[in-house]
Amino acid sequence: MDEEQMRQEAADDKLINDAFQRLLDCYCSSRHRKKVDIITKAFHFARQAHKGVRRLSGEPYIMHPIAVAQIACEEVGLGSTSICAALLHDVVEDTDYTTEDIENIFGPKIAQIVDGLTKISGGIFGEQASAQAENFKKLLLTMSEDIRVILIKICDRLHNMRTLESQPANKQYKIAGETLYIYAPLANRLGLNKIKSELENLSFQYEHPEEYAAIKAKLADTEASRHELFDEFIVPIEVELQKLGLHYHIKERVKTPYSIWNKMQNKHVSFDEVYDILAVRIIFTPNNREEEINECFNIYVAISKIYKSHPDRLRDWLSHPKANGYQALHVTLMSKQGRWIEVQIRSDRMDEIAEQGFAAHWKYKDGVDGEYTEDETELNEWLRTIKEILDDPQPDAMDFLDAIKLNLFASEIFVFTPKGEIKTMPTGCTALDFAFSIHTFLGSHCIGAKVNHKLVPLSHKLQSGDQVEILTSKSQHVQPSWINFVSTAKAKGKIQAILRRDGRELQKQGEDIFDEFLKKNNINDIPNAADKLTEFHDSRNREEFFQSLAEKTILLGDKDVDELLGKNHADKRGWRKYVPFLDRGKQKKADEEQPQYFVVPENFNRKKPIYITDDNINQFKFKHCCHPIPGDDVLGFIDGKHQIEIHKRACPVAAKLKASFGNRILDAKWNMRKTLFFDATIRLQGIDRVGMLLDISQIISSQMNVNIHKLTIASEEGVFDGTIELRVHDRDDVRQIINQLKKIADIQDVTQIV
């Protein structure tokens with residue numbers, strides 16, 4: 001071994017030993033029983049198993065399991081069983097050791113958790129199947145055995161996100177997208193608030209680096225004024241708290257870059273218009289644990305004498321904690337500077353649960369024998385929802401992930417039955433969801449509901465505190481349209497099961513009609529005749545085609561015979577595609593030509609970015625779901641036909657694709673010369689006055705030299721609301737136009753419509 005290698009080995013050893021010592025120090029200072037021997041044994045075993053292997057970043061591989069164990073110990077508060085499992089979590093997957101080996105050396109509990117973690121990453125799936133959705137199903141299944149599996153998986157994901165810069169861009173988008181879509185909401189659901197915020201911010205940083213940097217810079221610029229506002233605001237509050245004789249501390253909480261950006265996107269506002277960037281947190285130690293809820297209200301009464309409180313912004317999470325265990329009292333007060341400031345009042349116990357996780361501190365603590373205790377009701381309710389989703393035979397990965405998002409991660413409302421019993425339902429649920437949550441018969445025969453003694457339709461969305469009585473009729477049957485407005489997994493699953501049963505009867509009738517049609521026209525030996533006509537009639541699949549025949553929404557005729565016999569050379573249906581344009585003539589010509597999309601070959605290098613240029617732009621599919629134009633942060637997705645779709649990275653459809661089909665995500669970059677034009681729509685709102693239209697058109701046409709394609713403005717009682725459709729080169733043009741329009745007197749709001 002040469003001198004350089006020896007130096008490298010010595011440096012690696014020091015790095016590894018220092019990291020492990022940090023982990024041991026952290027564990028020894030925790031409240032857990034000190035099982036240092038088994039943790040040391042797990043470390044040496046994992047170190048030997050991963051010997052000689054390095055991560056993409058160049059550091060020894062063992063540094064990753066140590067870092068995951070450190071997060072599990074320090075940030076989630078888990079004990080020795082979890083720390084050992086974190087140290088060993090990649091051993092079975094990446095080396096020749098088996099789960100049996102782990103069980104023989106470390107016992108059944110650690111082996112079970114390691115096995116759960118291995119199952120999540122393992123498995124070979126085809127290109128069409130979604131490996132990620134399958135893995136997530138496994139994750140949920142193993143969760144029902146031991147929730148620590150999912151807690152360690154979240155720690156693993158956090159460390160992967162912290163070290164994401166060594167990955168190629170397409171992998172970054174896949175991992176960041178999956179994190180934002182699945183792991184951040186999961187961390188939130190388990191009460192890991194700090195980890196949730198960090199996962200969101202890291203995802204945001206990799207998906208939208210420019211916006212992230214811009215918000216960070218603005219937060220730094222406004223830091224001094226925020227401190228000043230905070231200092232002035234808390235002076236009188238501290239006086240009142242001292243009068244109450246409480247031990248307390250007051251913290252300044254600043255909104256994260258991701259949540260600021262999210263608000264800017266959802267509310268169409270600028271950074272300066274996000275008013276709740278600053279919040280104040282009062283954390284106190286109660287004089288009597290049993291009185292801590294009363295003491296929260298005492299603090300609220302005391303501070304609302306100093307500042308006027310917002311009547312609609314009182315949030316009481318004390319009497320009804322959130323599903324993840326969060327408890328606090330939120331009140332919004334008007335400061336002397338004329339700014340609304342949210343104040344969060346919580347005890348030190350509530351603060352610990354909010355920051356470090358309900359799951360680790362309250363439900364699961366490593367017991368004397370390494371086992372754990374649990375509060376059955378809360379966890380079992382959640383696991384029952386998971387099992388309902390897993391039992392639903394939904395083959396589509398996207399539908400599965402939708403069900404997960406809607407049910408597991410939804411915020412919750414409290415609804416009362418006619419007898420006054422409380423039921424917890426996801427936010428956004430309807431009267432029909434409520435009916436199915438009680439009983440399938442009630443749901444399938446539901447004709448309406450009485451909410452707070454008023455008659456409402458099935459699609460009525462419930463609010464927290466509503467009292468709901470379901471009305472039924474034996475003559476009522478499940479309708480296909482119901483699927484469009486229910487939101488819970490149970491209701492969707494039951495409706496689909498009933499519709500599938502009804503659909504099978506219709507399918508059989510449709511098949512008979514189809515066979516009769518073939519016989520009548522002497523068409524016998526054409527292979528895949530049904531598939532050909534399914535495509536010809538734009539049906540999604542054979543089942544839908546046969547059902548349409550039975551329902552008489554498709555009638556077979558001479559054109560179908562021609563199609564089957566190959567006499568239809570042109571596609572009569574035509575196609576519509578969003579294409580860039582220079583003028584109407586070119587647009588028309590483009591519409592008449594069948595697009596020549598680029599087909600991804602077998603040996604395509606997915607790690608390299610694809611460049612969209614003026615010359616090749618027609619080779620990509622530009623999707624209507626998000627209408628991307630040059631300058632947008634975009635990515636590519638290889639669809640089922642091996643063609644490339646272009647989506648904005650923030651597009652909801654892209655979010656699902658990243659979480660379901662990450663191996664088909666590509667990094668996409670613009671390389672345009674500002675020769676082509678794209679559609680962009682801008683919305684304007686403001687105070688109406690003489691000359692307003694002239695001012696708007698002068699800025700767009702004369703100053704910016706941009707062609708207005710369509711202008712619609714409506715004015716009512718002195719306030720106008722309008723849209724302008726423009727033809728621009730890129731996102732930069734849109735930004736400049738919006739900035740110029742905002743300077744016009746009496747214009748209140750200018751936003752871009754996607």
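Side chains are part of it too, since the values below use all heavy atoms of this structure and drop only hydrogens, waters and symmetry mates. Position 1 is the first residue of the sequence; numbering continues from there.
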Glu645 side chain vs Phe637 backbone, donor-acceptor pair below 3.5 Å: no

Please say whether more than 12 non-hydrogen atoms of neighbouring residues, nucleotides or ligands are located less than 6.0 Å from NZ in Lys263. yes

Between the side chains of Lys743 and Asp695, is the shortest nitrogen-to-carboxylate-oxygen separation below 4.0 Å, so that they form an ion pair? no

Main-chain N/O of Ala745 paired with Arg689 side-chain donor or acceptor, under 3.5 Å: yes

Given the rule in the salt bridge (charged side-chain N to carboxylate O under 4.0 Å, His left out) test, do Arg683 and Asp721 qualify, once you have shown the distances and angles that lead to the verdict? CA-CA 8 Å; Arg683 184 179 179 191; Asp721 192 332; 2.6 Å; yes

Answer yes or no: is there a side-chain heavy-atom contact under 4.5 Å between Lys658 and Glu178? no

Side chain of Asn671, backbone of Tyr611: donor and acceptor closer than 3.5 Å? no

What do you reckon, is NZ of Lys742 surrounded by more than 12 foreign heavy atoms closer than 6.0 Å? yes

Derivation of the side-chain contact (heavy atoms from CB on, under 4.5 Å) call for Leu199 and Arg157: CA-CA 8 Å; Leu199 287 173; Arg157 176 51 59 114; 4.2 Å; yes

Do Asn616 and Thr613 have a side chain donor and acceptor closer than 3.5 Å? yes

Test item: Ile738 and Arg735 side chains (from C-beta on) under 4.5 Å apart, heavy atoms: no

With side chains defined as the heavy atoms from C-beta onward, is the minimum distance between Val719 and Gln748 less than 4.5 Å? no

Show the numbers, then the answer: is there a salt bridge (charged side-chain N to carboxylate O under 4.0 Å, His left out) between Asp633 and Arg731? CA-CA 10 Å; Asp633 288 340; Arg731 176 68 55 228; over 6 Å; no

Side-chain H-bond candidate by donor/acceptor type, Asp433 with Thr430, under 3.5 Å: yes

Report the distance from atom OG of Ser309 to atom CH2 of Trp340, rounding to the nearest 0.5 Å. 7.5 Å

For the residue pair Lys621 and Tyr597, would you count it as a cation-pi contact if the rule is NZ or CZ under 6.0 angstrom from the ring centre and within 45 degrees of the ring axis? yes

Give a yes or no on whether the backbone of Asp733 and the side-chain of Asp730 come within a donor-acceptor separation of less than 3.5 Å. yes

Specify the closest pair of heavy atoms between Arg346 and Gln327, including all atoms of both residues, with the distance to one decimal. CB-O, 4.1 Å

If the plane angle is over 60° it's perpendicular, under 30° parallel, otherwise tilted; pick one for Tyr307 and Phe233. parallel

Non-hydrogen atoms of Asp688 and Ser715 that approach each other most closely: OD2-OG, 2.6 Å

Once you round to the nearest 0.5 Å, how far does CD1 of Ile282 lie from CD1 of Ile250? 5.0 Å

Taking the side chain as every heavy atom from C-beta outward, state whether Arg162 and Asn160 have any atom pair closer than 4.5 Å. no

Can His627 and Asp632 be said to form a side-chain contact (heavy atoms from CB on, under 4.5 Å), step by step? CA-CA 10 Å; His627 196 68; Asp632 285 329; over 6 Å; no

Strictly by modelled atom types, are Thr222 and Ser225 linked by a side-chain donor-acceptor pair under 3.5 Å? no

Aromatic ring proximity, centroids under 6.0 angstrom, Phe678 and His729: no

side-chain contact (heavy atoms from CB on, under 4.5 Å) assessment of Ile237 paired with Glu240: CA-CA 5 Å; Ile237 290 177; Glu240 287 299 319; 5.8 Å; no

Worked verdict on Phe622 versus Ile612 for side-chain contact (heavy atoms from CB on, under 4.5 Å): CA-CA 11 Å; Phe622 283 79; Ile612 307 163; 4.1 Å; yes

State which residue, out of Thr681, Leu711, Val706, fulfils the side chain to side chain contact (heavy atoms under 4.5 Å, CB included) condition with Ile724. Leu711

Salt bridge (charged side-chain N to carboxylate O under 4.0 Å, His left out) between Arg315 and Glu342, intermediate numbers included: CA-CA 10 Å; Arg315 299 281 179 270; Glu342 185 180 76; over 6 Å; no

Look at atom NZ of Lys308 and say whether more than 12 heavy atoms of other residues, nucleotides or ligands are closer to it than 6.0 Å. no

Take the angle between the ring planes of Trp261 and Tyr258 and call it parallel below 30°, perpendicular above 60°, tilted in between. tilted

pair Asp667-Ile610: side-chain heavy atoms closer than 4.5 Å: no

Heavy atoms of other groups near Glu165 CD, more than 12 under 6.0 Å: yes

So, taking the atom named OH in Tyr326 and the one named CE in Met350, what distance separates them when rounded to the nearest 0.5 Å? 10.0 Å

Considering only heavy atoms from C-beta outward, does the side chain of Ser304 approach that of Val331 to under 4.5 Å? no

All heavy atoms of His647 vs all of Cys626, minimum pair found to be CA-SG, 3.8 Å

Treating Ser697 as the side-chain partner and Leu694 as the backbone partner, does any N or O pair qualify as donor plus acceptor under 3.5 Å? yes

At their closest point, which heavy atom of Arg664 faces which heavy atom of Asp639, and how far apart are they? NH2-C, 3.7 Å

Checking Arg313 side chain against Thr332 main chain: does a donor-acceptor pair fall under 3.5 Å? no

Quick check: do Glu200 and Ser259 have side-chain heavy atoms less than 4.5 Å from each other? no

Please report the closest heavy-atom contact between Arg727 and Phe677, naming both atoms and the distance. O-CD2, 3.5 Å

On a heavy-atom basis, which atom in Phe271 and which in Met264 lie closest, and how many Å separate them? N-CE, 3.9 Å

More than 12 non-hydrogen atoms from neighbouring residues, nucleotides or ligands closer than 6.0 Å to CD on Gln265, yes or no? yes

Nearest-0.5 Å distance that lies between atom CD1 in Ile341 and atom CD1 in Ile277: 12.0 Å

Find the distance between CG (Leu635) and CG (Leu657) and round it off to the nearest 0.5 Å. 8.0 Å

Can a donor-acceptor pair be found, under 3.5 Å and without considering hydrogens, that links the side chain of Thr179 to the backbone of Tyr183? no

Without swapping roles, check the side chain of Arg673 against the backbone of Asp614 for a donor-acceptor pair under 3.5 Å. no

Is any side-chain heavy atom of Tyr300 closer than 4.5 Å to one of Leu314? yes

